[in-house]
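For reference, the structure discussed in these notes is given below.
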Amino acid sequence: MVQFGNLKIKVAIVFAATALFACGGGEKPALVKKAEERVKATRPEFSGDSAYNFVQKQVDFGPRVPNTTAHVACGNFLAAQLARFDFEVIEQQTQVVAFDQTKLNIKNIIGAYKPELNNRVLLFAHWDTRPNADQDEERQSEPILGANDGASGVGVLLEIARQIQKAKPTIGVDIIFFDAEDYAGPNGSTEDYCLGSQYWAKNMHKIGYSANFGILLDMVGAKDAIFAKEYNSMVYASAYVHHVWNIADDLNHGKYFDDQTTRHVGIDDHVYVNTLAKIPSIDIIQFDPETRSFAPHWHTHDDNMDIIDTQTLVAVGETVLATVLMEAN
Ligand code: AHN
Ligand code: ZN
């Protein structure tokens, strides 16, 4: 019995290794290359002040809840920023039905750098904010500002777009700002979330679109944030989790990127990018592995500019941009 079990494990390992290295004769993925001859990541140019300003700009619109004027205005601002950094912009507008049957007018904002290349990386974040503060003790029915939950990931990605325009790497980069990630009621069920990414994964902006891998940034701006290895990322794309966490270590950001793996913490946009779009994707998300919970400001009115810290934005921004640049030929 034991022998049979071992054999099965051996067969599985050989099969997995074959799958990983069988690259159809094309360029080897950077992850495989890096595993063989692991090169230390070098620190890219990334301005924490600029990323912070991009977060502030979004928060200045007020809560970005679908079907509000602030949401429309902020969406237009984000698309204009990507265009300013020479990304080709596609605005994917549609209507989806929310948990309470409200018809939401939503917009996924997609920016493509070097759209002609096949060697591509996908970076994404949600740009909408939650319509309620269900974790707060006060004003629970009022929308939150979402400085961390919404604006932080988008702010880091806009600064990455700005730096890509300057560095001009030879790699395709897609940045997607997904809408309606957080439009759920108090104690909402998991399908209520991630409406924008679910729509995109079923209706991708280009026929046959793909990328080597994807990185989701969600709640990446709070002071002293801890990013544990997130459960679904480990299920679908563990090799990329280790790759990115190693790069964070190279850049001395190990205090933010924790080695522990979280238990299941919920569904986030990367789950649909993995299961429906079939792009291996990871989530960099603040989650405390000790208390097994999101930060105390999560889904409360304390999620405002007071909790945002430039150093955290830098740790995440440098790590993600270095990952992109390592993938360039
Ligand atoms: C749920 O709690 C279902 N998902 C966590 C992902 C999330 C919510 N990100 C931001 N808000
Ligand atoms: Zn949220």
Side-chain angles (χ1 to χ4, degrees), residues 55 58-59 62-66 68 71 74 96 98-100 104 106 108 123-136 139-157 176-198 200-201 214-222 225-236 261-276 281-289 291-304 307-308 312 316:
V55 177
Q58 294 169 79
V59 171
R64 281 83 66 211
V65 178
T68 66
H71 177 263
C74 184
V96 293
F99 72 99
D100 57 359
L104 302 178
I106 67 162
N108 293 324
L123 308 176
F124 52 111
H126 75 91
W127 72 274
D128 66 302
T129 54
R130 189 165 181 80
N132 57 67
D134 56 337
Q135 302 295 318
D136 208 318
R139 300 186 287 124
Q140 289 182 345
S141 62
E142 293 177 30
I144 63 167
L145 276 173
N148 199 28
D149 193 354
S152 67
V154 171
V156 168
L157 292 183
I176 306 187
F177 300 141
F178 285 123
D179 206 348
E181 187 272 346
D182 231 343
Y183 201 98
N187 311 311
S189 58
T190 51
E191 319 83 72
D192 301 343
Y193 291 85
C194 307
L195 300 180
S197 58
Q198 291 191 58
W200 175 81
I215 304 177
L216 165 59
L217 306 187
D218 192 7
M219 304 191 273
V220 293
I226 298 281
F227 309 111
K229 294 175 172 172
E230 183 271 335
Y231 178 88
N232 282 305
S233 309
M234 291 298 280
V235 169
Y236 295 108
T261 299
T262 64
R263 303 258 189 98
H264 199 148
V265 296
I267 297 290
D268 210 346
D269 291 320
H270 69 311
V271 170
Y272 297 103
V273 178
N274 275 297
T275 60
L276 300 176
S281 296
I282 71 167
D283 190 5
I284 300 176
I285 183 167
Q286 182 181 358
F287 187 85
D288 189 330
T291 62
R292 299 212 189 108
S293 52
F294 292 119
H297 59 258
W298 182 66
H299 292 181
T300 75
H301 296 294
D302 291 336
D303 185 354
N304 57 43
I307 55 121
I308 299 297
T312 309
V316 174

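Here the structure is a predicted model, which means the values were calculated and not measured. For ligands, and for the atoms within them, numbers begin at 1 and follow the listed sequence.
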Got more than 12 heavy atoms from elsewhere within 6.0 Å of CZ, Phe294?
yes
In terms of relative ring orientation, are His71 and Trp127 parallel, tilted or perpendicular, with 30° and 60° separating the classes?
parallel
In Asp182, what N, O or S atom is nearest to the Zn ion (ligand 2), if we give its atom name?
OD2
When you measure from the Zn ion (ligand 2) to each N, O or S atom of Asp149, which atom gives the shortest distance?
OD2
Rounded to the nearest 0.5 Å, what's the gap from CG on Asp218 to CG on Asn148? Could you check?
8.0 Å
In Å, rounded to the nearest 0.5 Å, how long is the span from CZ of Phe99 to CG of Leu104?
9.0 Å
So, using side chain to side chain donor-acceptor pair (under 3.5 Å) as the criterion, who are the partners of Asn274 when residues are at least two apart?
none
Using distance alone, with no hydrogens and no angle criterion, decide if His126 and Asp128 have a side-chain donor and acceptor under 3.5 Å apart.
yes
May I ask you to check whether His299 and Asp182 show a side-chain donor-acceptor distance below 3.5 Å?
yes
Might you list the protein residues in contact with ligand 1, defined as having a heavy atom under 4.0 Å from one of its atoms, sorted by chain and number?
His126, Asp149, Glu181, Asp182, Tyr193, Asp218, Met219, Ile267, Asp268, Phe294, Trp298, His299
